Trainee: 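Mind having a look at this structure? Questions to follow.
One-based numbering, in listed order, for ligands and for the atoms of each. What you see is a predicted model, and the numbers here were worked out from it, not measured in a lab.
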Amino acid sequence: MLKYIRAAALSSLFVLAGCGSDPAPEPLEQIIVREPGTAPAIAAAPADAPASTLIADGKAAFANCSACHSLEQGAPNGVGPNLVGIVGQAAGEVAGFAYSDALKASGIVWTAAELDSFIADPAGKIPGTTMVAGAIAEPSKRQAVIAYIESVTAN
Ligand code: HEC
């Protein structure tokens, strides 16, 4: 605490110029903004939202998913498949998961943009999918959850 106060006082001159350069409270992975093909770069953080904040928001928003999906390397599939490495992967490819025919036939490769429209309305995007819950209406929350998923796959 003392150390923090002293550091804050000493570095106050740098606060304006150095916003975002302070060490994060936890050693979160940094977000890597990819440019997957021609997909819009919706994973880019707005200027006022440092990547660590976006990922922390996304981690919280993953509560919408975690009843059915794990984001831990090597963890078993649940009601839905393990999502580690899903960004950039073809739909329906997680080993040992029994997908719907609709999802297997979708031909989707999971870019951030494809994930965004799927999470917004799973059955609207893939009629017949067995993902019957977990949709997120708020675009900013979807962006955060995708950034979080991508941060886990990028290590
Ligand atoms: C009620 C359980 C449930 C919840 C909650 C849920 N999902 Fe799913 N999810 C599934 C099931 C089941 C499938 C397989 C769908 C199919 O085969 O049609 C799936 C499939 C997926 C896929 C396709 C995976 C692949 O290998 O092609 C993605 C991506 C996905 N979910 C992301 C999410 C995200 C992100 C959330 C939270 C915002 C979420 N899901 C919430 C059950 C769920």
Trainee: Out of Gly85, Gly80, Ser100, Ala133, whose heavy atom is nearest to atom 17 (O) of ligand 1?
Mentor: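 It is Ser100 that holds the nearest heavy atom.
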
Trainee: Are Ser117 and Glu114 close enough that some pair of their side-chain heavy atoms sits under 4.5 Å apart?
Mentor: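 Counting from C-beta outward, Ser117 and Glu114 do come under 4.5 Å.
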
Trainee: Examine distances only and state if a side-chain atom of Asn82 and a backbone atom of Asn77 form a donor-acceptor pair shorter than 3.5 Å.
Mentor: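 The answer is no, because no donor-acceptor pair under 3.5 Å joins these two groups.
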
Trainee: Are any of the side-chain heavy atoms of Ile108 and Ile126 separated by less than 4.5 Å?
Mentor: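 They are in side-chain contact.
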
Trainee: Measure the distance from atom 22 (C) of ligand 1 to every protein heavy atom, then report the residue, atom name and distance (to 0.1 Å) of the closest one.
Mentor: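 Residue, atom and distance for the closest contact: Phe118 CE2, 3.6 Å.
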
Trainee: Which of the numbered atoms in ligand 1 are under 4.0 angstrom from any heavy atom belonging to Val94?
Mentor: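 In order of numbering, the contacting atoms are 26 (O).
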
Trainee: Does the residue Ile149 have a heavy-atom contact with ligand 1, meaning some pair of atoms that are separated by less than 4.0 Å?
Mentor: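 Ile149: in contact with ligand 1 (<4.0 Å).
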
Trainee: Taking a cutoff of less than 4.0 Å between a non-hydrogen atom of the residue and any ligand atom, is Val132 in contact with ligand 1?
Mentor: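 It does not, in that no heavy atom of Val132 comes within the 4.0 Å cut-off of ligand 1.
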
Trainee: In the protein, which heavy atom is nearest to atom 26 (O) of ligand 1, and how far is it?
Mentor: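 Of the protein heavy atoms, Tyr99 OH, 2.5 Å lies nearest.
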
Trainee: Just let me know how Leu83 lines up against ligand 1, side chain, backbone, both or neither, with a heavy-atom cut-off below 4.0 Å.
Mentor: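 The side chain, only.
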
Trainee: Mind checking the CD-CH2 spacing from Glu93 to Trp110? Nearest 0.5 Å is all I need.
Mentor: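 Interatomic distance, Glu93 CD to Trp110 CH2, rounded to 0.5 Å: 12.0 Å.
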
Trainee: Atom 16 (C) of ligand 1: which protein heavy atom is closest, and how many Å away?
Mentor: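 Protein heavy atom at minimum distance: Thr130 OG1, 3.1 Å.
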
Trainee: Using heavy atoms and a 4.0 Å limit, tell me yes or no: is Ile86 in contact with ligand 1?
Mentor: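 Yes.
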
Trainee: Looking only at heavy atoms, is any part of Phe62 under 4.0 Å from ligand 1, and if so is it the side chain, the backbone, or both, or is it neither?
Mentor: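 Within the 4.0 Å criterion, Phe62 makes no contact with ligand 1.
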
Trainee: Which option wins on minimum heavy-atom distance to atom 43 (C) of ligand 1: Gly58, Cys68, Ala98, Gly92?
Mentor: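 Heavy atom nearest to atom 43 (C) of ligand 1 belongs to Cys68.
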
Trainee: What protein heavy atom sits nearest atom 37 (C) of ligand 1, and how far away is it?
Mentor: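 Result for atom 37 (C) of ligand 1: Cys65 SG, 1.9 Å.
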
Trainee: I need the nearest protein heavy-atom contact for atom 5 (C) of ligand 1: residue, atom name and distance, please.
Mentor: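 Going by distance alone, atom 5 (C) of ligand 1 is nearest to Asn64 O, 3.2 Å.
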
Trainee: Tell me the nearest of Glu114, Lys141, Met131 to atom 41 (C) of ligand 1, using heavy-atom distances.
Mentor: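 Selected option, by shortest heavy-atom distance: Met131.
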
Trainee: Taking a cutoff of less than 4.0 Å between a non-hydrogen atom of the residue and any ligand atom, is Ala67 in contact with ligand 1?
Mentor: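 The answer is no, since Ala67 has no heavy atom less than 4.0 Å from ligand 1.
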
Trainee: Is there a side-chain contact between Ile55 and Tyr148, using heavy atoms and a 4.5 Å cut-off?
Mentor: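 With C-beta onward as the side chain, the pair touches.
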
Trainee: Any idea which atoms of ligand 1 are less than 4.0 Å away from a heavy-atom of Ile119?
Mentor: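 In order of numbering, the contacting atoms are 35 (C), 38 (C).
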
Trainee: Does CG belonging to Asp121 count more than 12 external heavy atoms closer than 6.0 Å?
Mentor: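 Counting neighbours around CG of Asp121, more than 12 heavy atoms of other residues, nucleotides or ligands fall under 6.0 Å, so yes.
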
Trainee: My understanding is that we take every heavy atom of each candidate and find the minimum distance to atom 29 (C) of ligand 1. Doing that for Leu115, Asp116, Ile136, Thr129, which one comes out nearest?
Mentor: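 Closest candidate by heavy-atom distance is Leu115.
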
Trainee: Which value, rounded to the nearest 0.5 Å, describes the distance between Phe62 atom CZ and Leu83 atom CG?
Mentor: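 Going from CZ on Phe62 over to CG on Leu83, the span is 5.0 Å.
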
Trainee: What residue and heavy atom of the protein are closest to atom 12 (C) of ligand 1, and at what distance?
Mentor: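 Result: Val79 O, 3.2 Å.
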
Trainee: Can Ala102 be said to touch ligand 1, with heavy atoms closer than 4.0 Å?
Mentor: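 Not so, Ala102 does not reach ligand 1.
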
Trainee: Report whether Val109 and Ile146 are members of the same hydrophobic cluster (ILVMFWY, side-chain heavy atoms less than 4.5 Å apart, transitive linking).
Mentor: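 No, it is not one cluster - the side chains of Val109 and Ile146 are not joined through contacts under 4.5 Å.
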
Trainee: Spell out, as yes or no, whether a donor-acceptor pair under 3.5 Å connects the side chain of Arg142 to the backbone of Ala137.
Mentor: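 Yes, Arg142 side chain to Ala137 backbone: donor-acceptor pair under 3.5 Å.
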
Trainee: Does Phe97 have a non-hydrogen atom less than 4.0 Å from ligand 1?
Mentor: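 Yes, Phe97 has a heavy atom closer than 4.0 Å to ligand 1.
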
Trainee: For atom 8 (Fe) of ligand 1, what's the nearest protein heavy atom and its distance?
Mentor: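 Protein heavy atom at minimum distance: His69 NE2, 1.9 Å.
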
Trainee: May I ask you to check if ligand 1 and Trp110 share an N or O to N or O distance below 3.5 Å?
Mentor: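 Looking only at distances, the answer is yes, because the N/O contact criterion of under 3.5 Å is met.
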
